[in-house]
Amino acid sequence: MQSKRNKFTTQMARTRAHRFGTPIHKALLQATEQVTGRDDFLCGTKHSPVAHARGALMCAARMAGATLEECALFAGLYDHSSASNAIQKSQKDDKLKADAEAIFEKAQAMLIKREEKFAEGINDMILAIEEKVGSSEPEPKIKAVYTKSKLKSLRPDVDALRRKPWEEDTPEGREIARKRDQYYG
């Protein structure tokens, strides 16, 4: 049998493993507050209006695709059985089901509105950048210089720059290569 401390630490570890503050989590909390008119639904009290708001939040989270454990954590609870009971109760209770559907629809509308604002902000940033920098034009090609009927590019010869002094075909390069072979074999 687990001690109280062990049970609490495993619950805290599970709680910390879930990401809170995601857009769907925030939208569900705001929608629950607007639909039910309660802002204390995250407390642990068992009063009927608070429990109803918490149950509607868990049902709406389940509609959004959250697991039972995540539904309970969204409502400030540790155990998934509370979410399971709320979902079973919503099948019998029409008011709870209607509130959960209203919360889900309002949360979806909030998310769509946030995405539109985000896209609008991105478009505004693009327009501002284009105004400041100018529209994106292709880079001009590097022009070649003509010398003695031979085309010479302005780009450096990368192979020549990577070549070591003893690899050159000059008297100094050959001397460096000879000494190198003599000492380093």
Side-chain angles (χ1 to χ4, degrees), residues 1-140:
M1 192 166 152
Q2 281 185 332
S3 67
K4 292 256 184 203
R5 182 175 178 182
N6 242 354
K7 184 178 180 185
F8 180 72
T9 54
T10 57
Q11 287 174 345
M12 289 306 293
R14 283 188 311 181
T15 302
R16 289 188 185 122
H18 293 284
R19 292 186 348 218
F20 291 106
T22 57
I24 188 68
H25 180 228
K26 289 178 182 178
L28 285 171
L29 291 177
Q30 288 177 350
T32 303
E33 192 172 318
Q34 291 174 2
V35 169
T36 62
R38 306 279 318 183
D39 61 350
D40 57 348
F41 54 85
L42 292 178
C43 69
T45 185
K46 294 182 181 181
H47 291 297
S48 178
V50 177
H52 175 80
R54 195 169 38 243
L57 169 65
M58 289 187 279
C59 293
R62 186 64 174 179
M63 286 180 200
T67 63
L68 289 176
E69 190 173 23
E70 288 173 340
C71 293
L73 289 173
F74 280 2
L77 305 171
Y78 290 113
D79 195 13
H80 70 280
S81 62
S82 303
S84 177
N85 289 337
I87 291 167
Q88 287 177 358
K89 186 177 177 183
S90 72
Q91 294 172 350
K92 299 174 188 171
D93 189 0
D94 293 332
K95 179 159 175 37
L96 182 64
K97 187 175 184 177
D99 283 347
E101 289 173 354
I103 290 169
F104 177 69
E105 289 171 5
K106 191 166 272 230
Q108 291 290 35
M110 284 180 189
L111 288 175
I112 290 170
K113 189 175 179 182
R114 285 179 186 162
E115 287 177 14
E116 288 173 355
K117 270 188 161 180
F118 181 75
E120 185 179 307
I122 295 290
N123 289 337
D124 291 343
M125 286 178 14
I126 290 171
L127 291 174
I129 289 170
E130 284 179 353
E131 265 181 29
K132 193 156 195 156
V133 177
S135 62
S136 59
E137 299 172 3
E139 290 184 20

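Note that the coordinates shown come from a computational prediction; the quantities given were computed from them, not determined experimentally.
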Trainee: What's the spacing between Ser81 OG and Gln88 CD if we round to 0.5 Å?
Mentor: 10.0 Å

Trainee: I need the Asp124 CG to Ile129 CD1 distance, nearest 0.5 Å.
Mentor: 11.0 Å

Trainee: Nearest 0.5 Å, please: how far is CG in Leu73 from NE2 in His80?
Mentor: 11.5 Å

Trainee: To check you understand the geometry: which heavy-atom pair defines the closest contact between Ala83 and Cys71, and what is its length?
Mentor: CB-CB, 3.8 Å

Trainee: Does a sphere of radius 6.0 Å around CG in Asp94 hold more than 12 heavy atoms from other residues, nucleotides or ligands, not counting ones at 6.0 Å or beyond?
Mentor: no

Trainee: Taking all non-hydrogen atoms of both residues into account, name the closest pair between Arg62 and Leu68 and its distance.
Mentor: NH1-N, 3.4 Å

Trainee: So, for Val35 and Lys106, which heavy atoms are closest and what is the spacing to 0.1 Å?
Mentor: CG2-CD, 4.2 Å

Trainee: Under the salt bridge (charged side-chain N to carboxylate O under 4.0 Å, His left out) criterion, do Lys97 and Asp93 qualify, and how do the steps go?
Mentor: CA-CA 6 Å; Lys97 187 175 184 177; Asp93 189 0; over 6 Å; no

Trainee: How long is the span from the NE2 atom in His52 to the CG atom in Asp99, to the nearest 0.5 Å?
Mentor: 3.5 Å

Trainee: Please give me the minimum heavy-atom distance between Met110 and Ala27, naming the atom from each residue.
Mentor: SD-O, 3.8 Å

Trainee: Roughly how far apart are Leu57 CG and His25 NE2, rounded to 0.5 Å?
Mentor: 7.0 Å

Trainee: Would you compute the distance between atom CE of Met58 and atom CD1 of Ile87 and round it to the nearest 0.5 angstrom?
Mentor: 8.0 Å

Trainee: Checking side-chain contact (heavy atoms from CB on, under 4.5 Å) for the pair Lys26/Leu29: CA distance, chi angles, key distance, verdict?
Mentor: CA-CA 5 Å; Lys26 289 178 182 178; Leu29 291 177; 5.9 Å; no

Trainee: Nearest heavy-atom pair of Ile103 and Ala56: which atoms, and what distance?
Mentor: CD1-CB, 3.7 Å

Trainee: Provide the closest heavy-atom pair for Ala107 versus Leu28 in the form atom of the first, atom of the second, distance.
Mentor: CB-CD2, 3.8 Å

